[in-house]
Amino acid sequence: MSAQHSPPSPTTATVTVFASPESWIESDAVRQCHQVAALDGMRHVAAMPDLHPGKGAPIGAAMASTVLYPHLVGSDIGCGIAVFPIGLKRAVPERIAARFPDLDRSPDPDDPVWAVAPGGPPAGHVEGLGTVGRGNHFVELARIDTVLAADHTDRLGLVAGDLVLVVHSGSRGLGERILRAHTEAHGAGPAPDPAGYLARHDEAVRWGALNRRVLAARVAHALGAEPTEPVVDQCHNLVEVRDGEYLHRKGAAPGDGRDVLVAGTRGTPSYLVAGHAGPAANHSVAHGAGRKMSRADALRRGRAKHTVAQLRRTPVGSLVVCGDRQLLFEEAPTAYKRIEQVIADLVAHDLATPVASTVPLVTYKTPDLGPDRRDERRRGRR
DNA sequence: ATGTAC
């Protein structure tokens, strides 16, 4: 009997959820993991403690398969989180917030920040470069708070009290275009030409990394500091070709011997961790706190629970720059799980070791032009 | 998360 004459094996992939019983994981998200596990060619699904439901596929999962499924990565190919040291000594949140540039618009052609992008962007895609986007994306000025592994922060050149820029953004319209081109032809099905998809995917991954550098350079420049190289930059939406398989990461960062900034919320700390995840976790760690409720629920419940002023000035004393009230509610800290529980789950499952915590001073989401000009914009859009 | 249509 030869294997090639056997009927396709109807086996289902294994699913492992790396969360403790105390961690609330929405059942819809686990259901999505099992739906993914049933896909043709899927071998193993590793769900991180920040798992939550996504559009068609779960967010916070690493999925290993012999077949490449673009929809498992989603449209924001190349999205990730980077940490840039910034040579500022002191920072008063109010003054910093007022100095942030408009990150909804690309820098002018003659802006000196383009020096960080010599040769132009991957795929020649200029549109949107240097813009942060929406959703959970942000640029944050944060302070290294508690050092938990001094030998490790020493290696990174960081000490408690240092200021850093944390940048969470991706490939903007470029990744969206790549997924749309696939979806229009093949829906949620596999990529018939994996090499072709991967070539465009790799450009979006490079574009996302460049976008984070341009964003950091813009903010550094606006705050009177020099642009720096990131000490940490991990992409959590991508496909990695590994051991002859396609490892899809969707809201799951590479955790095999790499440092990752696991983002908290706009009002709680984040944690820099040293990842050491193995095959059972598909070599991955969590990428953030993970949503606890949908955007719609966060908006509904948030309006009853918080004022806009409370969301703009957070419990840790930081400011949130966000002229979009709906987004402010959707992204409220209470819409997310407790980052400490997510980190505790990573530790309990031996996926990562905490290195340091960061505390936000100013988190920039989208321009806040003040009430008068907000109205102007709203009218202008009609 | 996105650009775009309503």
Side-chain angles (χ1 to χ4, degrees), chain A residues 29 32 50-61 69-82 102-106 121-123 125-140 166-185 187-188 197 200-201 203-205 207-212 214-215 234-239 248-253 263 265-266 287-299 322-332 335-336 363-367 377-382:
Chain A
Q32 284 183 334
D50 56 340
L51 185 78
H52 59 282
K55 190 181 169 184
I59 301 169
Y69 293 99
H71 86 282
L72 295 183
V73 172
S75 63
D76 198 2
I77 304 160
C79 187
I81 300 179
D102 181 348
L103 302 180
D104 267 8
R105 297 162 194 263
S106 287
H125 184 86
V126 179
E127 194 190 335
L129 191 61
T131 65
V132 64
R134 288 288 174 111
N136 58 0
H137 291 174
F138 63 84
V139 178
E140 181 171 283
V166 181
V167 180
H168 180 188
S169 190
S171 60
R172 310 290 286 107
L174 179 60
E176 199 272 340
R177 204 170 70 185
I178 294 166
L179 181 67
R180 182 155 32 86
H182 170 83
T183 306
E184 278 170 359
Y197 169 81
R200 280 167 290 176
H201 158 283
E203 285 185 323
V205 169
W207 201 100
L210 178 63
N211 196 33
R212 292 186 285 280
V214 175
L215 283 161
Q234 293 303 333
C235 170
H236 49 239
N237 292 352
L238 83 168
V239 184
H248 310 74
R249 288 200 179 86
K250 173 66 172 172
T265 71
R266 277 20 74 214
H287 80 312
R291 296 199 73 85
K292 189 168 68 182
M293 57 184 89
S294 69
R295 291 185 177 276
D297 284 346
L299 189 60
C322 184
D324 180 337
R325 287 171 178 235
Q326 178 171 326
L327 185 61
L328 203 53
F329 285 110
E330 289 174 356
E331 292 289 310
Y336 284 84
T363 305
Y364 178 102
K365 297 286 293 176
T366 192
R377 266 210 174 185
R378 226 173 277 137
R379 279 196 298 273
R381 283 209 193 98
R382 288 194 181 154

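Every chain is numbered from 1 and lettered A, B, ... according to where its sequence line falls, protein lines coming before strand lines.
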| said: Quick one: does any side-chain atom of A/Ser75 pair with a main-chain N or O of A/Glu176 as donor and acceptor, under 3.5 Å? | reply: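 No.
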| task | Would you tell me if any nitrogen or oxygen in the side chain of A/Arg180 comes within less than 4.0 Å of OP1 or OP2 on B/dT4? | result | no
| message | With a cut-off of less than 4.0 Å, is there a side-chain N or O of A/Arg172 near OP1 or OP2 of B/dG3? | response | yes
| Separation between CZ of A/Arg291 and OG1 of A/Thr265, rounded to the nearest 0.5 Å |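 The distance works out to 11.0 Å.
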Specify the separation, in whole Å, of atom [atom1] of [X] and atom [atom2] of [N].
X        : N     : atom1 : atom2 : answer
A/Asp76  : B/dA1 : CG    : C1'   : 6 Å
A/Lys55  : B/dA1 : NZ    : C1'   : 9 Å
A/Asn211 : B/dA1 : CG    : C1'   : 13 Å
A/Leu174 : B/dG3 : CG    : P     : 11 Å
A/Ile77  : B/dG3 : CD1   : P     : 13 Å
A/Glu127 : B/dA1 : CD    : C1'   : 15 Å
A/Arg177 : B/dG3 : CZ    : C1'   : 12 Å
A/Leu327 : B/dT2 : CG    : C1'   : 13 Å

| query | Less than 6.0 Å separating the ring centroids of A/His201 and A/His182? | reply | no
| said: Checking A/His248 now: which residues fulfil side chain to side chain donor-acceptor pair (under 3.5 Å) with it, not counting sequence neighbours? | reply: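 If we apply the side chain to side chain donor-acceptor pair (under 3.5 Å) test to A/His248, skipping adjacent residues, there are no hits.
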